[in-house]
Amino acid sequence: MKKLILIDGNSIAYRAFFALPLLNNEKGVYTNAVYGFTTMLLKIIEEEKPTHMLVAFDAGKTTFRHKTYDDYKGGRQKTPPELSEQFPLVRELLDAFNISRYEAENYEADDIIGTLAKNASEEDFEVKVYSGDKDLLQLVSDKVTVILTKKGITNVEAYDEALIADKYGLSPKQIIDMKGLMGDSSDNIPGVPGVGEKTALKLLKEFGTVEKVLDSIDQISGKKMKEKLEENREQALMSKELATIFLEVPFETELEDLSFGDYDQKKVVDFMKELEFTSLVSKFDVDAEEVELEEITYETLEKIEEDHLTKEAALIVEVLGENYHQVPIEGFAMVNEKGRFFITTEKALDSEAFVNWLKDDSTQISVFDAKQAVVSLGWQGILLNGVEFDMQLASYLLDSSLSSHGISDVASRKGISQLQDDEVVYGKGAKRKIPDQDQLAEHLVRKAEALFKLKPVLEAELKENEQEELFRELEMPLSIVLGRMETTGVQVDKEQLEQMGEDLELRLDNLEKKIHEIAGTSFNINSPKQLGEILFEKLGLPSIKKTKTGYSTSADVLEKLAADHEIVEHILHYRQLGKLNSTYIEGLLKVTRKETNKIHTRYNQALTQTGRLSSTDPNLQNIPIRLEEGRRIRKAFIPSEKGWKMLAADYSQIELRVLAHIAEDEKLMEAFQLGMDVHTKTAMDVFHVAEEEVTSNMRRSAKAVNFGIVYGISDFGLSQSLGITRKEAGQFIERYFASYPKVKEYMDSIIEEAREKGYVSTLLHRRRYLPDLTSRNFNKRSFAERTAMNTPIQGTAADIIKKAMIEMAERIEQEQMQSRMLLQVHDELIFEVPEEEVEKMMKLVPEVMEKAVELNVPLKADVSYGETWYDAK
DNA sequence: TGCTCCACGC
DNA sequence: GACGTACGTGGAGCAG
C-alpha cells in the first residue's frame with residue numbers, strides 16, 4: 001500500500017530548535033534545528049518506510065486568513081534569527097534526501113498538508129501527518145493519522161479517531177469547533193472570551209458544533225455564559241473559520257511526483273559531515289562514511305635500534321576491546337622525529353632496547369589513555385615510566401562535556417581526518433577482530449601520528465585555560481596511581497560469596513512461592529509489566545504513578561502501597577534480595593579472576609562532568625552499605641595477604657566543608673570549626689532552636705537539604721526525598737538560604753559568573769561549560785543553574801581526594817611501606833595493610849587526606865580497619 | 001541488540 | 001503555566 005508522509009516543516013523545525021541546545025558547528029553555524037529535523041526524518045524513514053513524502057512550509061507573512069482577520073497570528077514573537085538562518089539548511093537537507101517540499105503564496109503549511117491528505121486518502125493512500133500543532137488533528141480520518149510531538153523531538157504520539165475521542169470526546173472535525181469557541185492564543189484567534197477547554201468541550205458534547213451552540217443559546221445554563229456567547233457570536237464564527245484548514249489549495253504537482261525512495265547516501269552524509277552530525281553519520285553504512293585516507297608511510301621494525309628510540313615520542317600500545325586487564329597486546333606504534341614505526345608485540349617485548357626505553361623514566365612519551373598503556377604493559381611485567389602526556393585526559397580536561405574522548409573523535413575534532421574509528425577497523429560486538437597485520441600496522445601508525453601532531457595543540461589549550469598544573473600535577477600522576485590500584489586488584493572470599501548466594505537463592509525461592517501463593521498465580525516478579533498487572537489489575541491496588549510503558553512499580557510507589565496489601569512487603573523484600581544476588585553475588589563472582597580470586601575494576605578518569613571517577617567491570621563504587629543485609633557483601637572483600645588488614649578512610653562532609661570554604665559563610669564555617677554535627681547545626685540554624693531542641697525529624701529534614709545543596713537537586717527532588725509538597729520544599733530551601741546568607745550570595749554570584757564566562761571552575765581549575773544557562777527552555781536553564789552551583793562543590797571535593805591519592809601513593813613509596821591503595825569511592829579510600837603498618841597507616845592516611853589542600857575550614861577524615869572491608873567501619 | 005525499568009553507591 | 005528535574009553502572013525483561 002502506498003504511504004504518504006506529510007511533514008509540517010515549520011512546526012518541526014521550531015520544535016527542534018527549542019528542544020535542543022543551541023548547537024553550532026566549527027564554523028559557527030547554528031545547527032540545532034537542522035539536527036533535530038534530521039533525527040526526526042531518519043526516524044520517520046526507518047519506522048514508516050514511506051513510499052511518498054512531502055514537507056510543507058509556511059510561505060510569506062500574509063495568507064488568505066489575514067483578509068478575514070487582520071490580526072491573525074498577531075502578537076507572535078518574531079522568529080529568532082538563530083532559527084531563521086537554519087531554514088535554508090533544512091531545505092538543503094531535504095534536497096539531499098530527494099524529499100519534495102512545498103510552500104505556496106497565501107497558504108499555510110496546514111492548508112497544503114490538509115489538501116494533500118484529502119487528495120491522497122481519496123486515492124487510497126495511507127497518510128501520516130507529522131507536526132507539533134494540535135490544529136492538524138481536524139484532518140484525522142480512517143486513512144489519516146496525525147502524529148504530534150510530545151516531548152523533545154522524537155517522542156511522539158499518534159492520533160487516530162479513537163484517541164481523539166478518548167482524549168476529548170470529540171470527532172476530529174469538532175476540533176475546529178473547539179478552536180472556534182476557546183480560541184488559540186498562539187495564532188491570536190480570539191474565540192469566545194471566558195470559554196476555555198473545559199467549557200468548550202462541554203458545549204460541543206451537548207450541541208456538536210459552534211453553529212448549533214449559537215442556535216441554542218437559550219438552552220445554556222448560566223446567565224454570564226449566555227451573554228458572552230451572544231455578544232461574541234460573530235467572533236466565534238470567525239474563529240472557527242480561521243481555525244479551519246483549507247482543503248482546496250491549487251497544486252501543479254501530482255501525488256506521484258511526491259514519491260520517495262532512492263537518494264544519494266553520499267550527498268546526505270556529506271551534508272551531515274558539513275554540519276558535524278557525527279553521531280548521525282555513523283548510522284549510515286560504513287562504506288558511505290569511509291573517508292578517503294591519504295597514503296601514510298611507515299616502517300615495520302624487524303630490529304629495534306637505539307637510534308629509533310628518542311626521548312620524545314608518541315606511543316600506541318594496542319589492545320582489543322575495552323577491558324585491558326590480562327589481555328594480549330596486539331601491537332605497538334611509535335612516531336618520533338626519526339619516523340613512523342610499527343612493531344609487532346613479539347618483536348617489541350623481545351627487544352631489550354625497547355623494553356628499557358619503556359622503563360626509562362627520563363623519556364617524554366605521549367599516549368592516548370595512559371592508564372591503559374601502563375596497565376597493559378604492567379601485565380607483561382613492564383613498568384611504563386616515561387608517560388608525560390595523555391591525549392584523552394587532556395581532551396577531557398579541556399571540555400568534559402564532549403561525549404566521546406576516543407582517539408579518532410579527539411583527532412577529528414582537532415582537524416585530523418586521517419584516522420578511522422577503531423570500530424571501523426576492528427568491527428564491533430561479536431564481530432570484532434584484529435585485521436591482517438598491514439591494516440593493523442597502518443591504523444596504529446595513524447593513531448600515533450595523530451598523537452604526535454596534536455600534543456602541542458592540546459598543551460597550548462591547557463595552558464590557555466590555566467589547566468597545565470591540573471593536568472601535569474594531578475590527572476597525569478593520578479592515572480599512574482589508578483593504574484597501579486587496578487592492577488593490584490582486590491581480593492574476594494569466593495566461598496563467602498558463594499555461601500551468601502546459596503542462602504539468598506533459598507530465601508528468594510521461598511519468597512517467590514509466597515508471593516505467587518498470595519497472588520493466586522505464578523508470574524515473573526522481576527518483570528515490571530507482569531508485576532504491574534498483578535498489583536494494579538488483579539489485586540486492584542491504587543495506581544499512584546505511571547511510567548511511559550505502564551504502571552510504575554518502583555520502591556517508593558510500593559512503599560506507599562505496603563499498608564494496602566501484604567504482598568507488597570514481600571515484593572520489596574524479593575527485589576532487595578534479588579538485586580543483591582544478581583548484581584553483587586553473581587555479578588562479582590563473574591568478574592573474579594579464577595587464578596587469584598582477585599577483582600580488577602577499571603576507573604574511568606575521563607567521563608564524569610564533575611571530575612569524579614567512575615568504576616566499571618565491576619562497579620566497585622556502589623557496593624551496598626546502607627542496609628545491613630547488603631552491607632554484608634563487604635565481608636567478602638578481604639586482604640590479599642595473610643595477616644593483613646583492610647583499612648578504610650573517608651572524608652567527613654567534604655562537600656559541605658568545601659561549600660563553607662567557597663561561600664565563606666560564618667555560620668556554616670562555625671559548624672566545622674567547632675566540630676559539630678553539621679546536620680544538627682543546620683537544623684538549629686534553619687529552625688532557630690537550640691542544640692538540645694533539635695528533634696530527629698528536624699535533623700532529618702536538615703540533612704536532606706544539605707544533601708540537596710551538595711547534589712544540586714531541585715525543590716522537586718527535595719520534596720521527593722522528604723515526602724513533602726514541592727511548595728513546602730521550596731519554602732524550606734528559602735529558609736535555608738535565609739539562615740546562610742553567604743551561601744545564597746555564592747549561589748547567585750556563581751550563576752552570574754558562569755553566565756559571563758560560560759563555565760564554572762573548581763579549586764584546581766577543572767572546568768565545566770554550561771551553555772544552557774542562557775537557554776530559553778526553563779528546564780534546561782534551571783538545570784544548568786543548579787549545575788553551576790553544585791559542580792564547583794562536587795568537583796573541588798573530587799580534586800581534593802585525587803590530590804590525597806597521589807600523596808598517599810608517594811608517601812607509601814617514600815617510606816618504603818608495603819601497604820597498597822586498592823579502591824576509591826568518591827570520598828573514601830580503601831587500603832590493604834600489613835599488620836605491622838596498621839598503626840602507622842591509621843595516622844598517616846587521615847593526615848594526608850586532611851592536609852591535601854588547605855581550606856578555611858578544617859578537613860576531616862575518619863579511619864578504621866578490620867579483617868574485611870565490612871569490618872573497616 | 002537496544003531500550004526501559006529498577007536499584008545500588010556517593 | 002507546564003515543562004521534568006544530582007551523577008554514575010549494571011541486571012532483568014522484552015521487542016525486533
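In this text the structure is predicted, and so the values were computed from the model without any measurement. Just so we're on the same page: letters track the sequence lines, and every chain starts at 1.
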Please verify the inter-ring angle class for His325(A) with His600(A); under 30° counts as parallel, over 60° as perpendicular, anything in between as tilted.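 Ring orientation, 0 to 90° scale: tilted.
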Using a 4.0 Å heavy-atom cut-off across all strands, classify [X] as base, sugar-phosphate, or nothing.
{"X": "Gln530(A)", "value": "sugar-phosphate"}
{"X": "Phe716(A)", "value": "base"}
{"X": "Arg612(A)", "value": "base"}
{"X": "Thr553(A)", "value": "sugar-phosphate"}
{"X": "Glu655(A)", "value": "nothing"}
{"X": "Leu580(A)", "value": "nothing"}
{"X": "Asn524(A)", "value": "sugar-phosphate"}
{"X": "Ser527(A)", "value": "sugar-phosphate"}
{"X": "Arg781(A)", "value": "nothing"}

Tell me, with the steps shown, if Leu580(A) and Leu504(A) meet side chain to side chain contact (heavy atoms under 4.5 Å, CB included). CA-CA 8 Å; Leu580(A) 287 180; Leu504(A) 280 172; 4.0 Å; yes
Check this for me, if you would: do [X] and [Y] make a salt bridge, where the nitrogen-to-carboxylate-oxygen distance has to be below 4.0 angstrom?
{"X": "Glu586(A)", "Y": "Lys590(A)", "value": "no"}
{"X": "Asp503(A)", "Y": "Arg507(A)", "value": "yes"}
{"X": "Arg432(A)", "Y": "Glu322(A)", "value": "no"}

How far, in whole Å, is dT4(B) from dT5(C) if one measures between their P atoms?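 To the nearest whole Å, 13 Å.
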Given the C1' atoms of dC8(B) and dA6(C), what is the spacing between them in whole Å?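 Nearest-Å result for dC8(B) against dA6(C) at atom C1': 15 Å.
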Minimum heavy-atom separation for [X] to [Y], with atom names?
{"X": "Tyr603(A)", "Y": "Leu823(A)", "answer": "OH-CA, 3.3 Å"}
{"X": "Ile724(A)", "Y": "Glu728(A)", "answer": "CB-OE1, 3.2 Å"}
{"X": "Pro792(A)", "Y": "Val760(A)", "answer": "CG-CB, 4.0 Å"}

Assess Lys860(A) against Tyr651(A): is NZ or CZ under 6.0 Å from the centre of the six-membered ring, and within 45 degrees of the ring's axis?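 Judged by the rule (NZ or CZ under 6.0 Å from the ring centre, within 45° of its axis), Lys860(A) is not positioned above Tyr651(A).
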Should Asp650(A) and Val825(A) be marked as a side chain to side chain contact (heavy atoms under 4.5 Å, CB included) after you check the CA-CA gap, both sets of side-chain angles, and the distance that decides it? CA-CA 9 Å; Asp650(A) 68 302; Val825(A) 190; over 6 Å; no
With a 4.0 Å heavy-atom cut-off, tell me which residues in residues 613-621 of chain A come close to DNA chain C, sorted by residue number.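 Within residues 613-621 of chain A, the residues near DNA chain C are Ser614(A), Ser615(A), Thr616(A), Asp617(A), Asn619(A).
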Encoded 5' to 3' (Watson-Crick or G-U under 3.5 Å; [ ] crossing; | other strand), DNA chain C becomes ......|||||||||.
Starting at atom [atom1] of [X], determine the distance to atom [atom2] of [N], rounded to an integer number of angstrom.
{"X": "Leu588(A)", "N": "dG11(C)", "atom1": "CG", "atom2": "C1'", "answer": "13 Å"}
{"X": "Phe707(A)", "N": "dT5(C)", "atom1": "CZ", "atom2": "C1'", "answer": "14 Å"}
{"X": "Tyr603(A)", "N": "dT9(C)", "atom1": "OH", "atom2": "P", "answer": "13 Å"}

Asn779(A) side-chain proximity, nearest of dC3(C), dG8(C), dG10(C):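 Given the options dC3(C), dG8(C), dG10(C), the side chain of Asn779(A) is closest to dC3(C).
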Between Asp133(A) and Ser11(A), does any side-chain donor sit less than 3.5 Å from a side-chain acceptor?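 Per modelled atom types, Asp133(A) and Ser11(A) side chains form no pair under 3.5 Å.
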For chain A, the stretch of DNA chain B it reaches, first to last nucleotide, under 4.0 Å of its heavy atoms: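 So the outermost contacting nucleotides come out as dT1(B) to dC10(B).
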Would you please test Asp871(A) and Thr868(A) for side chain to side chain donor-acceptor pair (under 3.5 Å) and show each step? CA-CA 5 Å; Asp871(A) 302 299; Thr868(A) 72; 2.7 Å; yes
Compare side-chain N and O positions of Lys579(A) against OP1 and OP2 of dG10(C) and report whether any pair is under 4.0 Å apart.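 So the side chain of Lys579(A) is outside the cut-off, no N or O lying under 4.0 Å from OP1 or OP2 of dG10(C).
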